[in-house]
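Sequence lines set the chain letters: A, B, ... in the order given, protein chains first and strands last, and positions in each chain run from 1. When reading the values below, keep in mind they use all heavy atoms of this one structure, side chains included, and skip hydrogens, waters and symmetry mates.
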There are 2 protein chains.
Amino acid sequence: MSEGLPPRQRILAAADDLFRRHGIRGVGVEAIAEAAGTNKMTLYRHFESKDELIAEWMRGIVSQKDRVWDEMVERHPNDPVAQIVDWSQRTAEALAQMEERGSPILNALAELPEPDHPARKVIDEHRAREHDRLLILCQQAEFPEPELTADQCFFLLEGAKSCVQCIGLKRVGEHLMRLINSMVGARGRELPAAGGSPAPKPARRTR
Amino acid sequence: MSEGLPPRQRILAAADDLFRRHGIRGVGVEAIAEAAGTNKMTLYRHFESKDELIAEWMRGIVSQKDRVWDEMVERHPNDPVAQIVDWSQRTAEALAQMEERGSPILNALAELPEPDHPARKVIDEHRAREHDRLLILCQQAEFPEPELTADQCFFLLEGAKSCVQCIGLKRVGEHLMRLINSMVGARGRELPAAGGSPAPKPARRTR
DNA sequence: TCACTATGTTACCGACCAGTAACATCAGAG
DNA sequence: CTCTGATGTTACTGGTCGGTAACATAGTGA
C-alpha cells in the first residue's frame, strides 16, 4: 500500500486507517507504528506526542477537503449555485468512505472533549471555514436569506454524515442530492418556501 | 441534587452528568461512584460492568425521548403535521442541553466503535424507531414522497444536533424550526419542491 | 437479641498505554 | 573507509483503569 514511502507518511497512513476503523482512543501508538511497518520510537521521532499525531492526521483530512472545495470553485467560475451543488455532490460521494463508522471529523470531535486539544482547533477552524464559504456562495447567489439557506445546506450535509451509519448509504446520498438540488434551486432557481420570504430571484452569477 | 435517592439512581445521575461533560472514555468508574456519593463496589453491585452502566444510561436517555414522542402524539391526535412540528420543536429545545458537547447519543456512537457493544443496540434501535415514526407521520400526512420528506426532517434534525457546537445555539434552533415548518408545510401545507413531484396535497388528518 | 441484606472501606491485581533510555544497525555522503 | 544521521530493538517507567476480594458497618424485621 504505502511501502516505498518514508516512515512519516506510512505512519500517517496507518493512523488514518486505524483511527477511522477503531476510533482515536481505541488505537494505541504501538499498533499504529506496527501497522506502519515501523516502531514506536521512530513514531515519536516524527511526532512529539500522540495528540500531535492526531492533530496532524486531522490537518491532512481537512486540507484534502479544502482542496476539493478549491477545485469546485475553479470548475464553475462565476456560478455559485453550481459550486454549491457540485460540492454537495462531492460530499455525498465521500459518504461512501464512512458508511461503517461515520465521519472521522465528527467522531474526533466526540472523542476529544478537551477544548484545548490541538486537533480541536483544526476541526473548529475547518467547520467555520466551510460554513463561511457556503454562506458567501449563498450571498453571491442572492438568495433572499443567505444565512438561512447556508444553515439549511449545512444541516443537511452534516445530518447526512451522521445518518449514513443508520440509514443505508445509497438512499442517504440520493436523497441528500435531491434535497440540495431542490433547495438551492438548480432546477428552476427557486428557494423552497422558508420562513416567510417567498420571493426567489433568479440567481445572478457573480464574481 | 439527588441526595435522598437510592444509590443506583444516584449513580445513573452522576454518570449522566460526567458522561455528557467528559465523554464515556474520559470518565472512570471510580469518578462516577465518587460523584454519586458512593464507591466503586456498590457501583459494581448494581451494574455488572462499565459497559452495562453505559447501556443503562443510554436506555434512560432513549426512553425519555420516546416519552416525549408519545406526549406529542396524544397532544395532537389525528394531525400528523402538527405532531412532526411539535416534536421538532421539542428537539430544538433539547439542543440547549448539548450546546457545549453535542448530542450524547451521537457522541456515544462515536466513542463505541465495537458494533456489539450493548449500548450500540440501544442506540441503533432508537434511531430506527425515530425514523420509522417520522416516516409513518409523513405517510399519514400524505406527502407525495414520504421517504424523502422523512429523510429531510431527519437530516435537518441530526445536522442541527451536530452543528450546535460550532454554530450558536440560538441561531441553530431558530433556523431549524423555520426550515421544518416550511418543509412540512405547516403554513400552507406545501412541500418544498423536492425531486420533481411538485404536487402538494392538503394533508388529510388521519387516524 | 439475632440474622439478613445493603452499603462502605481498603487494598489489591492485571492489563493497557503513553512516553523514554540506551544501544544496535544500516544507509549514504565525503 | 568512515563519519553521520535516520531507523530498528529491547526494555523499562509511571500512571490509569476496570474489576475483585475480604472485611467492616449499619439498618431492618422478627
Cut-off 3.5 Å, no hydrogens considered: what does the side-chain donor-acceptor table look like for residues 82-91 of chain B, sequence neighbours left out?
| unit_1 | atom_1 | unit_2 | atom_2 | d |
| --- | --- | --- | --- | --- |
| B/Q83 | NE2 | B/H76 | O | 2.8 |
| B/D86 | OD2 | B/H76 | NE2 | 2.5 |
| B/S88 | OG | B/I84 | O | 2.8 |
| B/Q89 | NE2 | B/E93 | OE2 | 3.3 |
| B/T91 | OG1 | B/W87 | O | 2.9 |

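Among residues two or more places apart in sequence or in another chain, the side-chain contact (heavy atoms from CB on, under 4.5 Å) test is passed with A/V164 by A/L95, A/L169. Remark: A/E114 pairs with no residue by the side chain to side chain donor-acceptor pair (under 3.5 Å) rule, at least two apart or across chains.
Within the structure, no pair that satisfies the ring-ring contact (aromatic ring centres under 6.0 Å, His included) test touches residues 35-54 of chain B, not counting sequence neighbours. Sorted by first then second residue, the side chain to side chain donor-acceptor pair (under 3.5 Å) pairs that include residues 13-26 of chain A, not counting sequence neighbours, are A/D16-A/R20, A/D16-A/W57, A/D17-A/R21, A/R20-A/Q97. For residues 32-49 of chain A, the pairs satisfying salt bridge (charged side-chain N to carboxylate O under 4.0 Å, His left out) are A/E30-A/K40, with sequence neighbours left out. Sorted by first and then second residue, the ring-ring contact (aromatic ring centres under 6.0 Å, His included) pairs involving residues 98-132 of chain A (not counting sequence neighbours) are A/H131-A/F154.
Non-hydrogen atoms lying under 4.0 Å from DNA chain C are contributed by A/S49, A/K50, all within residues 46-55 of chain A. Less than 4.0 Å separates DNA chain D from at least one heavy atom of each of the following residues of residues 23-41 of chain A: A/G37, A/T38, A/N39, A/M41.
Going from atom CG of A/L43 over to atom P of C/dC17 covers 14 Å, rounded to whole Å.
Between the side chain of A/R45 and the base of D/dG5, no donor-acceptor pair under 3.5 Å is found.
Taking each heavy atom of B/P113 and B/R120 in turn, the nearest pair found is O-NH1, 3.7 Å.
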